[in-house]
Amino acid sequence: RLIGPKFYKRLLVTRGKIFWNNNTEINFTKIDEEISNYENMEPTFKNTKELYKRENPKISLILPVYNQEKYIKKIYTCIERQSLKDIEIVFVDDFSTDNSYQIIKELMNIDKRIVYIKNEENRGVFYTRNKGVINARGEYILLVDIDDYLLNDILLKSYETAKIYDLDIVHFYVLAGDFKKNVFWKVLKYRDGIIRGNIPVNNIFFKGTTRNTWDKLIRREVFLKSIDFMDEKYKTDKYVVYNDDVAMFGLFKVAESYGFLEEVGYIYNWAVPNSTTHKYEDKKDINDVFKSCFTIMEYYYKK
(Lines give C-alpha, C1' and ligand atoms only; values in the text may rest on other atoms or scores of the structure.)
Protein backbone atom coordinates (compact mmCIF):
# COMPACT_ATOMS: atom_id res chain seq x y z
CA ARG A 1 0.00 0.00 0.00
CA LEU A 2 0.98 3.59 -0.46
CA ILE A 3 1.67 4.63 3.10
CA GLY A 4 4.20 6.67 4.99
CA PRO A 5 4.96 10.41 5.22
CA LYS A 6 2.08 12.78 4.81
CA PHE A 7 3.60 14.60 1.87
CA TYR A 8 5.86 12.19 0.02
CA LYS A 9 6.53 8.52 -0.45
CA ARG A 10 8.62 6.81 -3.10
CA LEU A 11 7.97 3.12 -3.41
CA LEU A 12 9.94 0.62 -5.47
CA VAL A 13 7.86 -2.31 -6.64
CA THR A 14 8.25 -5.33 -8.87
CA ARG A 15 4.79 -5.55 -10.38
CA GLY A 16 3.25 -6.31 -7.02
CA LYS A 17 -0.17 -5.12 -5.94
CA ILE A 18 -0.27 -1.39 -5.34
CA PHE A 19 -3.27 0.43 -3.92
CA TRP A 20 -4.49 4.00 -3.80
CA ASN A 21 -5.59 5.46 -0.49
CA ASN A 22 -9.15 4.37 -1.27
CA ASN A 23 -7.97 0.74 -1.61
CA THR A 24 -8.52 0.68 -5.35
CA GLU A 25 -5.76 -1.40 -6.94
CA ILE A 26 -3.59 0.14 -9.64
CA ASN A 27 -4.52 -1.58 -12.88
CA PHE A 28 -1.13 -2.65 -14.23
CA THR A 29 -2.77 -4.82 -16.87
CA LYS A 30 -4.50 -1.84 -18.43
CA ILE A 31 -1.30 0.19 -18.28
CA ASP A 32 0.64 -2.67 -19.89
CA GLU A 33 -1.87 -2.78 -22.72
CA GLU A 34 -1.33 0.90 -23.38
CA ILE A 35 2.45 0.65 -23.56
CA SER A 36 2.89 -2.84 -25.05
CA ASN A 37 3.26 -1.52 -28.60
CA TYR A 38 5.37 1.47 -27.59
CA GLU A 39 8.28 0.69 -29.88
CA ASN A 40 6.06 0.16 -32.92
CA MET A 41 3.66 3.06 -32.53
CA GLU A 42 2.74 5.04 -35.61
CA PRO A 43 0.21 7.86 -35.93
CA THR A 44 -3.20 6.78 -37.17
CA PHE A 45 -4.59 10.26 -37.85
CA LYS A 46 -8.11 9.23 -37.01
CA ASN A 47 -10.71 11.98 -36.84
CA THR A 48 -8.55 14.33 -38.85
CA LYS A 49 -11.32 16.92 -38.79
CA GLU A 50 -10.48 17.35 -35.11
CA LEU A 51 -6.80 18.00 -35.79
CA TYR A 52 -7.07 21.72 -36.45
CA LYS A 53 -5.95 24.70 -34.40
CA ARG A 54 -8.37 26.34 -32.03
CA GLU A 55 -8.03 30.01 -31.25
CA ASN A 56 -7.72 29.29 -27.53
CA PRO A 57 -6.99 25.58 -26.97
CA LYS A 58 -7.67 24.02 -23.60
CA ILE A 59 -4.11 22.67 -23.19
CA SER A 60 -0.77 23.46 -24.79
CA LEU A 61 1.70 20.59 -24.62
CA ILE A 62 5.29 21.82 -24.59
CA LEU A 63 7.79 19.31 -26.00
CA PRO A 64 11.48 20.27 -26.03
CA VAL A 65 13.40 18.47 -28.79
CA TYR A 66 17.14 18.01 -29.11
CA ASN A 67 18.37 15.33 -31.53
CA GLN A 68 15.57 12.92 -30.58
CA GLU A 69 14.20 12.07 -34.00
CA LYS A 70 13.35 8.48 -33.07
CA TYR A 71 10.96 9.53 -30.29
CA ILE A 72 8.90 12.16 -32.10
CA LYS A 73 6.29 9.92 -33.74
CA LYS A 74 5.97 7.82 -30.59
CA ILE A 75 5.13 10.71 -28.32
CA TYR A 76 2.92 12.25 -30.98
CA THR A 77 0.95 9.01 -31.19
CA CYS A 78 0.37 9.12 -27.42
CA ILE A 79 -0.97 12.64 -27.78
CA GLU A 80 -3.05 11.84 -30.86
CA ARG A 81 -4.79 9.00 -29.01
CA GLN A 82 -5.82 11.18 -26.07
CA SER A 83 -9.55 11.83 -25.90
CA LEU A 84 -9.12 15.59 -25.52
CA LYS A 85 -8.61 17.01 -29.01
CA ASP A 86 -8.83 20.73 -28.24
CA ILE A 87 -5.10 21.09 -27.68
CA GLU A 88 -1.98 22.68 -29.07
CA ILE A 89 1.24 20.67 -29.59
CA VAL A 90 4.30 22.89 -29.33
CA PHE A 91 7.60 21.35 -30.41
CA VAL A 92 10.50 23.58 -29.38
CA ASP A 93 13.65 22.53 -31.21
CA ASP A 94 16.81 23.29 -29.23
CA PHE A 95 18.95 23.57 -32.37
CA SER A 96 18.87 19.88 -33.33
CA THR A 97 21.28 18.59 -35.95
CA ASP A 98 19.42 15.39 -36.84
CA ASN A 99 16.16 14.92 -38.80
CA SER A 100 13.85 16.12 -36.03
CA TYR A 101 12.51 19.03 -38.07
CA GLN A 102 11.72 16.89 -41.10
CA ILE A 103 9.68 14.47 -38.98
CA ILE A 104 7.81 17.28 -37.23
CA LYS A 105 7.14 18.95 -40.59
CA GLU A 106 5.63 15.70 -41.88
CA LEU A 107 3.26 15.63 -38.89
CA MET A 108 2.42 19.33 -39.31
CA ASN A 109 1.14 18.67 -42.82
CA ILE A 110 -1.66 16.56 -41.33
CA ASP A 111 -2.16 17.87 -37.80
CA LYS A 112 -2.69 21.63 -37.79
CA ARG A 113 -2.51 21.77 -34.00
CA ILE A 114 1.27 21.42 -34.17
CA VAL A 115 3.45 24.50 -33.68
CA TYR A 116 7.20 24.41 -34.44
CA ILE A 117 9.70 26.77 -32.78
CA LYS A 118 13.47 26.58 -33.14
CA ASN A 119 16.18 28.13 -30.97
CA GLU A 120 18.91 30.02 -32.81
CA GLU A 121 21.48 28.11 -30.76
CA ASN A 122 21.48 25.29 -28.25
CA ARG A 123 20.17 26.76 -24.99
CA GLY A 124 19.23 23.77 -22.85
CA VAL A 125 15.88 22.40 -21.76
CA PHE A 126 15.14 25.02 -19.07
CA TYR A 127 15.26 27.91 -21.54
CA THR A 128 13.57 25.83 -24.24
CA ARG A 129 10.57 24.94 -22.06
CA ASN A 130 10.12 28.54 -21.01
CA LYS A 131 10.20 29.65 -24.64
CA GLY A 132 7.45 27.16 -25.44
CA VAL A 133 5.29 28.39 -22.57
CA ILE A 134 5.73 32.03 -23.60
CA ASN A 135 4.64 31.25 -27.16
CA ALA A 136 1.78 28.90 -26.22
CA ARG A 137 -1.91 29.87 -26.44
CA GLY A 138 -3.54 27.21 -24.27
CA GLU A 139 -5.46 27.84 -21.08
CA TYR A 140 -3.28 25.23 -19.34
CA ILE A 141 0.23 23.90 -19.92
CA LEU A 142 1.60 20.36 -19.76
CA LEU A 143 5.36 19.89 -20.10
CA VAL A 144 6.24 16.59 -21.77
CA ASP A 145 9.64 14.97 -22.22
CA ILE A 146 9.68 13.63 -25.75
CA ASP A 147 11.03 10.19 -24.76
CA ASP A 148 8.25 9.56 -22.21
CA TYR A 149 4.64 8.46 -22.49
CA LEU A 150 1.15 9.75 -21.64
CA LEU A 151 -1.53 7.44 -20.24
CA ASN A 152 -5.20 7.08 -19.40
CA ASP A 153 -6.68 10.12 -21.13
CA ILE A 154 -4.84 12.25 -18.61
CA LEU A 155 -5.33 15.44 -20.62
CA LEU A 156 -9.10 15.32 -20.31
CA LYS A 157 -9.13 14.11 -16.70
CA SER A 158 -6.65 16.70 -15.44
CA TYR A 159 -8.27 19.54 -17.39
CA GLU A 160 -11.74 18.72 -16.07
CA THR A 161 -10.34 18.57 -12.52
CA ALA A 162 -8.65 21.95 -13.00
CA LYS A 163 -11.88 23.54 -14.22
CA ILE A 164 -14.20 22.01 -11.63
CA TYR A 165 -12.02 23.11 -8.69
CA ASP A 166 -10.47 26.22 -10.30
CA LEU A 167 -6.88 25.06 -9.76
CA ASP A 168 -3.56 26.56 -10.81
CA ILE A 169 -1.82 23.18 -10.52
CA VAL A 170 -3.28 19.69 -10.97
CA HIS A 171 -0.82 17.02 -9.89
CA PHE A 172 -1.12 13.32 -10.83
CA TYR A 173 0.72 10.02 -10.39
CA VAL A 174 3.77 8.94 -12.36
CA LEU A 175 5.18 5.49 -12.97
CA ALA A 176 8.91 5.45 -13.70
CA GLY A 177 11.33 2.73 -14.65
CA ASP A 178 12.66 0.52 -17.40
CA PHE A 179 9.25 -0.69 -18.48
CA LYS A 180 10.59 -2.40 -21.62
CA LYS A 181 12.47 -4.84 -19.39
CA ASN A 182 9.78 -4.97 -16.70
CA VAL A 183 12.55 -4.58 -14.15
CA PHE A 184 10.86 -2.24 -11.68
CA TRP A 185 8.42 0.57 -11.27
CA LYS A 186 8.55 3.60 -9.07
CA VAL A 187 5.21 4.82 -7.82
CA LEU A 188 5.40 8.44 -6.78
CA LYS A 189 2.85 9.35 -4.12
CA TYR A 190 2.03 12.84 -2.98
CA ARG A 191 -0.38 14.68 -0.76
CA ASP A 192 -4.03 14.34 -1.67
CA GLY A 193 -6.71 17.00 -1.64
CA ILE A 194 -6.92 20.68 -2.49
CA ILE A 195 -4.71 23.41 -1.04
CA ARG A 196 -5.46 27.11 -1.47
CA GLY A 197 -3.45 30.20 -0.66
CA ASN A 198 -0.01 31.25 -1.86
CA ILE A 199 1.89 30.43 1.33
CA PRO A 200 0.39 26.92 1.83
CA VAL A 201 1.00 26.10 -1.85
CA ASN A 202 4.55 27.47 -1.65
CA ASN A 203 5.19 25.27 1.38
CA ILE A 204 4.45 22.15 -0.65
CA PHE A 205 7.67 22.69 -2.58
CA PHE A 206 9.78 22.78 0.57
CA LYS A 207 8.08 19.90 2.35
CA GLY A 208 9.25 17.23 -0.02
CA THR A 209 6.72 17.07 -2.82
CA THR A 210 7.89 16.48 -6.36
CA ARG A 211 9.96 19.02 -8.23
CA ASN A 212 9.27 17.31 -11.57
CA THR A 213 7.77 19.32 -14.41
CA TRP A 214 5.97 16.57 -16.29
CA ASP A 215 3.42 15.37 -13.71
CA LYS A 216 1.42 18.59 -13.44
CA LEU A 217 -1.14 20.47 -15.48
CA ILE A 218 -0.40 24.17 -14.92
CA ARG A 219 -2.51 27.24 -15.61
CA ARG A 220 -0.64 29.13 -18.33
CA GLU A 221 -1.05 32.60 -16.82
CA VAL A 222 0.45 31.27 -13.58
CA PHE A 223 3.34 29.67 -15.44
CA LEU A 224 4.04 32.99 -17.17
CA LYS A 225 3.96 34.73 -13.81
CA SER A 226 6.50 32.24 -12.47
CA ILE A 227 8.83 32.98 -15.40
CA ASP A 228 8.49 36.73 -14.81
CA PHE A 229 9.16 36.16 -11.12
CA MET A 230 12.78 35.31 -11.90
CA ASP A 231 15.25 37.87 -13.24
CA GLU A 232 17.10 37.33 -16.51
CA LYS A 233 19.81 35.13 -14.99
CA TYR A 234 17.27 32.61 -13.76
CA LYS A 235 15.24 32.69 -16.96
CA THR A 236 18.11 31.97 -19.31
CA ASP A 237 20.82 30.13 -17.37
CA LYS A 238 21.64 26.70 -18.79
CA TYR A 239 21.02 24.13 -16.07
CA VAL A 240 22.66 20.83 -16.94
CA VAL A 241 20.62 18.70 -14.54
CA TYR A 242 17.91 19.30 -11.94
CA ASN A 243 16.48 22.10 -14.06
CA ASP A 244 13.03 20.90 -12.98
CA ASP A 245 13.75 22.09 -9.44
CA VAL A 246 14.31 25.64 -10.62
CA ALA A 247 11.15 25.69 -12.75
CA MET A 248 8.99 24.30 -9.95
CA PHE A 249 10.55 26.66 -7.40
CA GLY A 250 9.25 29.59 -9.46
CA LEU A 251 5.87 27.97 -10.05
CA PHE A 252 5.11 27.08 -6.42
CA LYS A 253 6.31 30.54 -5.40
CA VAL A 254 3.48 32.24 -7.31
CA ALA A 255 0.66 29.63 -7.46
CA GLU A 256 -2.48 30.10 -5.37
CA SER A 257 -4.15 26.69 -5.63
CA TYR A 258 -3.10 23.05 -5.91
CA GLY A 259 -4.95 19.76 -6.20
CA PHE A 260 -4.02 16.10 -6.55
CA LEU A 261 -5.72 13.80 -9.06
CA GLU A 262 -5.49 10.12 -8.15
CA GLU A 263 -4.72 8.87 -11.64
CA VAL A 264 -1.62 7.45 -13.28
CA GLY A 265 -1.06 9.88 -16.11
CA TYR A 266 2.56 9.64 -17.14
CA ILE A 267 5.29 7.07 -17.75
CA TYR A 268 8.78 8.36 -17.09
CA ASN A 269 11.15 6.34 -19.28
CA TRP A 270 14.18 5.81 -17.09
CA ALA A 271 16.02 3.64 -19.65
CA VAL A 272 16.77 6.27 -22.28
CA PRO A 273 20.28 5.94 -23.78
CA ASN A 274 22.58 8.93 -23.28
CA SER A 275 20.28 10.48 -20.70
CA THR A 276 21.79 13.51 -18.98
CA THR A 277 20.35 12.26 -15.70
CA HIS A 278 22.26 8.97 -16.01
CA LYS A 279 25.38 10.80 -17.07
CA TYR A 280 25.47 12.56 -13.71
CA GLU A 281 24.29 9.67 -11.55
CA ASP A 282 27.73 9.25 -10.00
CA LYS A 283 27.65 12.92 -8.92
CA LYS A 284 31.25 13.49 -9.99
CA ASP A 285 30.56 16.96 -11.30
CA ILE A 286 29.11 18.43 -8.15
CA ASN A 287 28.86 21.97 -9.51
CA ASP A 288 26.59 20.95 -12.38
CA VAL A 289 24.52 18.52 -10.33
CA PHE A 290 23.64 21.04 -7.64
CA LYS A 291 23.55 24.17 -9.76
CA SER A 292 19.79 24.52 -9.40
CA CYS A 293 19.98 24.16 -5.61
CA PHE A 294 22.58 26.91 -5.42
CA THR A 295 20.46 29.06 -7.70
CA ILE A 296 17.49 28.84 -5.33
CA MET A 297 19.63 29.59 -2.28
CA GLU A 298 21.31 32.51 -4.05
CA TYR A 299 17.92 33.97 -4.88
CA TYR A 300 16.90 33.99 -1.21
CA TYR A 301 20.17 35.52 -0.12
CA LYS A 302 19.88 38.30 -2.75
CA LYS A 303 16.31 39.14 -1.76
Side-chain angles (χ1 to χ4, degrees), residues 31 34-35 38 41 43 51 57-94 96 100 103-104 107-108 111 113-119 124-159 162 169-177 179 188 210-220 223 226-227 243-244 247-248 251 261 263-272 275-277:
I31 292 171
E34 291 203 46
I35 66 173
Y38 182 71
M41 278 187 173
L51 306 182
K58 291 181 170 62
I59 297 176
S60 291
L61 294 100
I62 312 299
L63 298 99
V65 182
Y66 180 64
N67 292 342
Q68 295 167 296
E69 57 183 14
K70 69 178 181 178
Y71 296 110
I72 292 171
K73 286 190 177 181
K74 296 174 187 176
I75 191 61
Y76 172 78
T77 302
C78 300
I79 296 168
E80 181 206 18
R81 294 181 181 182
Q82 291 280 319
S83 55
L84 182 63
K85 303 298 182 184
D86 188 1
I87 61 174
E88 177 184 50
I89 307 166
V90 183
F91 287 100
V92 190
D93 187 348
D94 193 18
S96 295
S100 293
I103 297 170
I104 295 170
L107 297 174
M108 290 176 69
D111 192 335
R113 302 172 301 175
I114 296 176
V115 176
Y116 177 79
I117 302 169
K118 185 170 184 177
N119 293 340
V125 69
F126 181 78
Y127 173 90
T128 302
R129 284 173 177 158
N130 285 349
K131 187 172 183 177
V133 173
I134 291 168
N135 286 276
R137 298 173 302 123
E139 184 181 1
Y140 281 83
I141 296 289
L142 183 67
L143 303 178
V144 180
D145 283 357
I146 202 167
D147 46 21
D148 293 337
Y149 193 61
L150 294 172
L151 287 178
N152 291 357
D153 295 321
I154 193 60
L155 298 185
L156 180 62
K157 292 176 180 179
S158 58
Y159 179 79
I169 303 170
V170 176
H171 196 168
F172 46 82
Y173 288 105
V174 172
L175 296 178
F179 56 86
L188 307 187
T210 179
R211 284 89 185 264
N212 299 322
T213 55
W214 24 256
D215 55 359
K216 302 173 186 71
L217 187 72
I218 303 161
R219 199 191 303 268
R220 179 173 173 266
F223 210 128
S226 76
I227 294 173
N243 51 77
D244 289 12
M248 291 301 100
L251 177 65
L261 174 63
E263 291 280 348
V264 178
Y266 197 96
I267 296 290
Y268 179 77
N269 187 4
W270 190 256
V272 178
S275 165
T276 303
T277 301

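Remember, predicted model here, so these are calculated numbers, not experimental data.
- Although no hydrogens or angles enter the test, the distance criterion places a donor-acceptor pair under 3.5 Å between the side chain of Asp153 and the main chain of Ser83.
- For Arg129 and Asp244, the salt-bridge test passes: some basic side-chain N is under 4.0 Å from an acidic carboxylate O.
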Walk me through whether Leu217 and Leu261 qualify under side chain to side chain contact (heavy atoms under 4.5 Å, CB included).
CA-CA 10 Å; Leu217 187 72; Leu261 174 63; over 6 Å; no
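- Taken to the nearest 0.5 Å, the NZ atom of Lys118 stands 10.5 Å off from the NZ atom of Lys131.
- A donor-acceptor pair under 3.5 Å is formed between the side chain of Glu88 and the backbone N or O of Arg137.
- Of the possible donor and acceptor atoms, none in the side chain of Gln82 sits under 3.5 Å from a partner among the backbone N and O of Glu80.
- Asp93 places a side-chain N or O within donor-acceptor distance of the main-chain N or O of Ser96, the cut-off being under 3.5 Å.
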Going through the checks in order, is the side chain to side chain contact (heavy atoms under 4.5 Å, CB included) test met by Val90 and Asn135?
CA-CA 9 Å; Val90 183; Asn135 286 276; 5.7 Å; no
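- Side-chain atoms of Asp148 do not come within 3.5 Å of backbone N or O of Tyr268 as any donor-acceptor pair.
- To the nearest 0.5 Å, atom OH of residue Tyr116 and atom CD1 of residue Ile104 are 6.0 Å apart.
- Between the side chain of Lys70 and the backbone N or O of Asn67, no donor-acceptor pair lies under 3.5 Å.
- The distance from the CG atom of Asp215 to the OH atom of Tyr173 is 12.0 Å, given to the nearest 0.5 Å.
- Note on ring orientation: taking the six-membered ring where Trp is involved, the planes of Trp214 and Tyr266 are parallel (angle under 30°, cut-offs 30° and 60°).
- A distance-only check finds no donor-acceptor pair linking the side chain of Arg219 to the backbone of Ala162 [under 3.5 Å].
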Please lay out, stage by stage, how Tyr76 and Asp111 fare under the test side chain to side chain donor-acceptor pair (under 3.5 Å).
CA-CA 10 Å; Tyr76 172 78; Asp111 192 335; 2.5 Å; yes
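- The two residues Gly124 and Asp94 have their closest heavy-atom pair at N-OD2, 2.8 Å.
- Arg220 places a side-chain N or O within donor-acceptor distance of the main-chain N or O of Val133, the cut-off being under 3.5 Å.
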